[in-house]
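Heavy atoms only: backbone and side chains are in, while hydrogens, waters and symmetry mates are out. Position 1 is the first residue of the sequence, and the numbers go up from there. Order of appearance sets the numbers: ligands from 1, and atoms from 1 within every ligand.
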Amino acid sequence: MSTQTPEIQTLGIIGGTGWLGGSIAKALLAKGVLAQGHLVISNRSCSHPLAREGVQMVTDNQALVDRSELIILAVRPEHFANLNINASGKTVISLMAGITAQAISKQTSAAAVIRAMPNAAVEIEQSFTPWFCFGEVDAATKSLVQRLFESVGTAAEVMEEDHIEVLSALSGTGPAFPALLLTALASQAMLAGIPADIAQLAAKNVVVHNSQLLASRDAQETLDSLIAYRGVTAAALQSLTAGPFEQQIGKALEEGAALARKGL
Ligand SMILES: NC(=O)c1ccc[n+]([C@@H]2O[C@H](COP(=O)([O-])OP(=O)(O)OC[C@H]3O[C@@H](n4cnc5c(N)ncnc54)[C@H](OP(=O)(O)O)[C@@H]3O)[C@@H](O)[C@H]2O)c1
């Protein structure tokens, strides 16, 4: 996407002190995407270290909306119903899982709604954030949204809202799948007689460190070459994939997406 993005005047983040909202706020300031005085954040307690960095802090969400050109909703889905904001004529970006763009548009009167689904790796600026536009969003705003989310990793526009529900159950889950693999490898190694500390070191090395090799290698080619080698790795992989491994993954995505579609 073009780097010729317009400068944003003021961005407001409702729930800007939370896990996602706070990480995005910090990254935007650190990377100079926004100047201090151009960021307004809200929460219910009105206290956060970001206030000492020149960020405007408010508890009045409508005041935040009135001061901002672009508004990010970073509250938990269960807190949305009580937000009571009028964002008429403005573009609202929602990070909330399980609340449709139409419901957000209806409740906030926003001119356009962008649904984005970052993940916990915003904290280390390595999230993948798919986003979907509902209503008229011009190219300049799209470019700005891409840049906002690139400040915490990578991002891409998707053309169907349902893809956000499926991706909620995939990239939205952040460290969940790797954590599951890590704990399964460690506990099975212990069952095979490996001491607990060694089992943890080995499993963590596979999931956290060896996965970094995939940053520059194609996953399918890596698997193909390991199977072609016909060694211990091939035997282990073939045993795992002989069972319903992919179907189980598919079922997990389906269950997660079904909950996202139903609403939280
Ligand atoms: N965490 C993830 O990995 C993840 C992944 C994908 C999507 N999401 C979505 O991202 C959203 C935020 O998640 P999170 O994990 O960042 O939640 P979080 O850490 O609980 O943050 C929520 C923030 O909202 C604030 N808040 C609550 N009610 C408010 C209100 N009425 N007005 C203003 N601020 C209010 C809270 O501060 P006070 O309590 O001080 O008010 C807090 O700073 C959720 O909707 C979730 O579905 C999260």
**Student:** Let me see the working for Ser127 and Phe149 under side chain to side chain contact (heavy atoms under 4.5 Å, CB included), right down to the final yes or no.
**Tutor:** CA-CA 8 Å; Ser127 168; Phe149 290 115; over 6 Å; no

**Student:** Evaluate side chain to side chain contact (heavy atoms under 4.5 Å, CB included) for Gln56 paired with Arg67, printing each intermediate quantity in order.
**Tutor:** CA-CA 10 Å; Gln56 305 174 53; Arg67 277 184 224 173; 2.7 Å; yes

**Student:** Side chain, backbone, both or neither: which part of Asn61 comes within less than 4.0 Å of ligand 1 when only heavy atoms are counted?
**Tutor:**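 Under 4.0 Å from ligand 1, Asn61 contributes side-chain atoms alone.
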
**Student:** What part of Leu83, side chain, backbone, both or neither, has a heavy atom within less than 4.0 angstrom of ligand 1?
**Tutor:** side chain

**Student:** Using modelled atom types and a 3.5 Å cut-off, is there a donor and acceptor pairing between side-chain atoms of Lys142 and backbone atoms of Val137?
**Tutor:** no

**Student:** For atom 9 (C) of ligand 1, grab the closest protein heavy atom and report residue, atom and distance to one decimal in Å.
**Tutor:**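 Scanning the protein heavy atoms, the shortest distance from atom 9 (C) of ligand 1 goes to Leu95 O, 3.0 Å.
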
**Student:** State, yes or no, whether a side-chain contact exists between Ile13 and Leu11 at a heavy-atom distance under 4.5 Å.
**Tutor:**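 A side-chain contact under 4.5 Å exists here.
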
**Student:** Does the N or O separation between Ala97 and ligand 1 drop below 3.5 Å for any pair?
**Tutor:**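 N/O-N/O distance under 3.5 Å: yes.
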
**Student:** Among Leu148, Leu144, Thr141, Ile71, find the one that has a side-chain contact (heavy atoms from CB on, under 4.5 Å) with Ile93.
**Tutor:** Leu148

**Student:** Hey, is ligand 1 close enough to Leu20 that some N/O pair sits below 3.5 Å?
**Tutor:**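 Yes.
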
**Student:** Is Asn119 close to ligand 1, meaning an N/O of one under 3.5 Å from an N/O of the other?
**Tutor:**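 For ligand 1, there is no N or O atom that lies under 3.5 Å from one belonging to Asn119.
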
**Student:** Would you check if the side chain of Gln238 reaches a backbone N or O of Thr233 as a donor-acceptor pair within less than 3.5 Å?
**Tutor:** no

**Student:** Before signing off on this row, confirm whether Gly172 and ligand 1 have an N or O atom pair separated by under 3.5 Å.
**Tutor:**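 Checking ligand 1 against Gly172, no N or O pair falls under 3.5 Å apart.
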
**Student:** Under 4.0 Å from any heavy atom of Ser45, which atoms of ligand 1 are there?
**Tutor:** 40 (O)

**Student:** Would you mind running through ligand 1 and noting each atom that sits below 4.0 Å from a heavy atom of Gly15?
**Tutor:** 23 (C), 24 (O), 25 (C), 34 (N), 43 (O)

**Student:** Give the residue, atom name and distance (to 0.1 Å) of the protein heavy atom nearest atom 37 (O) of ligand 1.
**Tutor:**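 It is Asn43 CB, 3.4 Å.
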
**Student:** I'd like a table of donor-acceptor pairs (distance under 3.5 Å, sequence neighbours excluded) in which one partner is a side-chain atom from residues 16-35, with atom names and distances.
**Tutor:**
from	atom 1	to	atom 2	distance (Å)
Thr17	OG1	Asn43	ND2	2.9
Trp19	NE1	Glu123	OE1	2.8
Ser23	OG	Trp19	O	2.6
Lys31	NZ	Glu125	OE1	3.0
Lys31	NZ	Ser151	O	2.9

**Student:** What atoms of ligand 1 come within less than 4.0 Å of a heavy atom belonging to Thr17?
**Tutor:** 37 (O), 43 (O)

**Student:** Check each heavy atom of Pro118 against ligand 1 and say whether those closer than 4.0 Å belong to the side chain, the backbone, both or neither.
**Tutor:** backbone

**Student:** Could an N or O of ligand 1 be found under 3.5 Å from any N or O of Val75, whether backbone or side chain?
**Tutor:**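 Val75 vs ligand 1: N/O contact under 3.5 Å present.
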
**Student:** Please verify whether a non-hydrogen atom of Gly174 lies at under 4.0 Å from ligand 1.
**Tutor:** no

**Student:** Heavy-atom distances under 4.0 Å are what count here, so tell me which part of His79 touches ligand 1: side chain, backbone, both or neither.
**Tutor:** side chain

